[in-house]
Amino acid sequence: MLLQSTITCPHCSVAKTETMPTDACQFFYECTGCGTKLKPKSGDCCVFCSYGSVPCPPIQEVRAGKPGAASCCA
């Protein structure tokens with residue numbers, strides 16, 4: 001499981017690599033370039049799933065078919 005994802009701001013295109021939490025979805029992220037507060041796109045559970053290079057850990061587990069994995073987006 002990958003725990004780092006590079007978030008790219010859709011407003012100013014600044015990209016920054018962040019460590020994702022494993023116990024919760026991160027709903028807000030403040031861009032370090034322009035200060036815009038990012039929120040997940042409709043249907044996504046967190047900012048990493050919407051703007052990151054790697055989806056959040058619960059989604060990675062679901063996509064990998066891990067037994068017992070539960071999507072946090074359901």
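Numbers here are sequence positions counted from 1.
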Residue set satisfying side-chain hydrogen bond (donor to acceptor under 3.5 Å, both in side chains) with Glu30, at least two apart, ordered chain then number -> none

side-chain hydrogen bond (donor to acceptor under 3.5 Å, both in side chains) involving Ser53 - partner list, sequence neighbours excluded
none

Are side-chain heavy atoms of Phe48 and Gln4 found at a separation under 4.5 Å?
no

Chi angles and distances behind the side-chain contact (heavy atoms from CB on, under 4.5 Å) call for Tyr29, Lys37
CA-CA 6 Å; Tyr29 178 80; Lys37 185 184 279 186; over 6 Å; no

Lys16 vs Thr8, side-chain contact (heavy atoms from CB on, under 4.5 Å): CA-CA, chis, key distance, verdict
CA-CA 7 Å; Lys16 185 172 182 186; Thr8 302; over 6 Å; no

Who are the side-chain hydrogen bond (donor to acceptor under 3.5 Å, both in side chains) partners of Thr22, not counting sequence neighbours?
none

Pairwise side-chain contact, Phe27 with Cys46, heavy-atom cut-off 4.5 Å (strictly under):
no

Could you give all pairs that pass the salt bridge (Lys or Arg N to Asp or Glu O under 4.0 Å) test and reach residues 1-12, with sequence neighbours left out?
none

side-chain hydrogen bond (donor to acceptor under 3.5 Å, both in side chains) partners for Glu61, two or more places apart:
Lys66

Can you tell me how far CD1 of Ile59 sits from CE of Met20, rounded to the nearest 0.5 angstrom?
11.0 Å

With Pro40, the side-chain contact (heavy atoms from CB on, under 4.5 Å) member among Cys45, Cys49, Ser50, Cys25:
Ser50

Are the side chain of Glu18 and the backbone N or O of Ile7 linked by a donor-acceptor pair below 3.5 Å?
no

Can you sort out the partners of Lys41 under salt bridge (charged side-chain N to carboxylate O under 4.0 Å, His left out), two or more places apart, ordered by chain and number?
none

Under the side-chain contact (heavy atoms from CB on, under 4.5 Å) criterion, do Gln60 and Val62 qualify, and how do the steps go?
CA-CA 6 Å; Gln60 290 180 52; Val62 169; over 6 Å; no

Contact between Arg63 and Pro55 at the side-chain level, heavy atoms closer than 4.5 Å - yes or no?
yes

Measure the CG-SG distance between Leu2 and Cys56 for me, rounded to the nearest 0.5 Å.
12.0 Å

